[in-house]
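Each remark here refers to the structure printed beneath this line.
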Amino acid sequence: MNESAATIFRAPIGTHDVLDPESSAWEGMIATFAQFAYRYGFGLVLTPIFEDVGVFNRGIGENSEVAKKEMYVFEDRAQRRYALRPEGTASVVRAFLQHQPTTPWKAWYFTPAFRYERPQAGRYRQHHQLGVEVLGTDDPAIDVEVITLASRFYCALGLKQVRLLINSMGHDVCRGAYVEVLRDHLSANVEQLCDEHRKVWSENALRVLDCKKDACVEVTTRGPMLPDHLCVDCREHFARVREGLDSLGVESILTPRLVRGFDYYTRTTFEFVADSLTGAQNSIGGGGRYDRLAEQLGGDATSGIGFGSGVERVLLACEAEGVSPSSLIKRSLDLFVVDTTGEDVATKLVDELRGAGFATQRAYDGRSMKAQMKVADRSGARLALLVGPSERASDEVTIRDLRSEDFEHAQQRVRRGDIVNAVALLLTK
RNA sequence: GUGGGCGUAGCUCAGUUGGUUAGAGCGCCAGGUUGUGGUCCUGGAGGUCGCGGGUUCGACCCCCGUCGCUCACCCCA
């Protein structure tokens, strides 16, 4: 687009407007998640969508791909350095440290997240996440609870082709020891790695585990696996998480090569993959434990675990499986007021009906009865209330059933004063 | 950051080897029915063919650039 005066503005690259019929799927999904969060004892947390850039740099790791080149960083007028949040967890932990709520603290959120990258299917510069965080306990039971919440949530949406991958990253010491063993193995097999990792394997050995190329997969498959190198405590913790999930019938797939993108993860990590989605964007949610994050953000050592899910991707998965979260909320119009008196009787009438609790719409611009009825029909309203000169004169209202197939006998006139009761009666039928 | 595909009405798309006034379906508006919606019929509004430049007697069509959309790589939700 050029900058001529006739050119209208568009949503920025990688962002999208979501309008009504489509947004009802969002409403259904968010409402369902909120319901789950409530059932599991989580309270809603709201934090600013921008933070001091350090919150994210120190949180997700300065060397992570996201922090290095995908953050929306900007300066305000007083030269403070801020960044739009690229993910949900770091902000919530920052808020936890700032306010020191009693633990264990269980919070859920719905938030936009921003990453500066080239958009494609299932990947946007602004996407949205639904998630939960728990701070102040490392009880394996809470790992089980968080993962179960996520799993049951997907199930409630009607998704069936979702797999849960799980792994344990161990804690600093045992992971550090494992990375050494892994590096030894990689260094002994450098020549067989893929083109890219042949050069950069030493910078972040764990990333090689995540490589999808056959060459790397072959080398790492023969190599040491993280779960085999955990210390006794981490091994025990992981075992209890897995037993807990098993006991609840939540199927999980041990995936030793599962490595997630942020540096803060320790011990339990997991990811939900939608098999209905093709391509690389099939991860619809994930999370894990981050027992060192609070310290990295300057607070006291505090265990934490969280889960985040990408709204857009879950909706893609729903579409692929032929289910829609919009069906989880009922959103139907009760009444549509048609006014042809030329005196604007509708304004008072709709106010009265809405006050009585009915979802009510009306026509505007004084259009013909035929035109107003057409709009009424398309609105999906159950009943139309007609007020024309005749009703006006006798202080009545005509109630017409828009769902009746019998056009001749679909309506009746009632006294204006009885309208609320009459409508209530008809709507309960 | 790298590469492929695509930009024609509000939406989905036609548009012949470059040749008069750029079309269809859906949607929208009005009428057929001066008080009545789902079907049907008739009519109407709506486009500087993304934008800029070039080639040509002539460009929606060919060439270049640019912006945007889209898909993929990387990485992630």
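Order of the sequence lines sets the chain letters (A, B, ...), proteins ahead of strands, with each chain counted from 1.
Here the separation of B/rU36 from B/rC51, taken at their P atoms, is 45 Å to the nearest Å. Between B/rG5 and B/rG46, the distance separating the two P atoms is 37 Å to the nearest Å.
Note: A/Phe42 and A/Tyr40 fail the aromatic proximity criterion, with ring centroids not under 6.0 Å apart. Taking the six-membered ring for Trp and the full ring otherwise, A/Tyr154 and A/Phe272 have centroids separated by under 6.0 Å.
The nearest whole Å value for the distance from the CE atom in A/Met29 to the P atom in B/rA77 is 15 Å. Between the CG atom of A/Asp377 and the P atom of B/rC28 there is a distance of 11 Å, given to the nearest Å. The nearest whole Å value for the distance from the CZ atom in A/Phe153 to the C1' atom in B/rA77 is 13 Å. Atom CG in A/Asp210 sits roughly 15 Å away from atom C1' in B/rC73 (whole-Å rounding). What separates CE of A/Met373 from P of B/rU34 is a distance of 16 Å, to the nearest Å.
A/Gln281 comes within 4.0 angstrom of a nucleotide base, judged by non-hydrogen atoms across all strands. Residue A/Gly308 is classed as having no contact, given no heavy-atom separation below 4.0 Å to the nucleic acid.
The aromatic ring of A/His128 is not stacked on the base of B/rA77, since the criterion of ring centres less than 5.5 Å apart with planes inclined by under 30° is not met.
Remark: the A/Gln372 side chain and the B/rU36 base include no donor-acceptor N/O pair separated by less than 3.5 Å.
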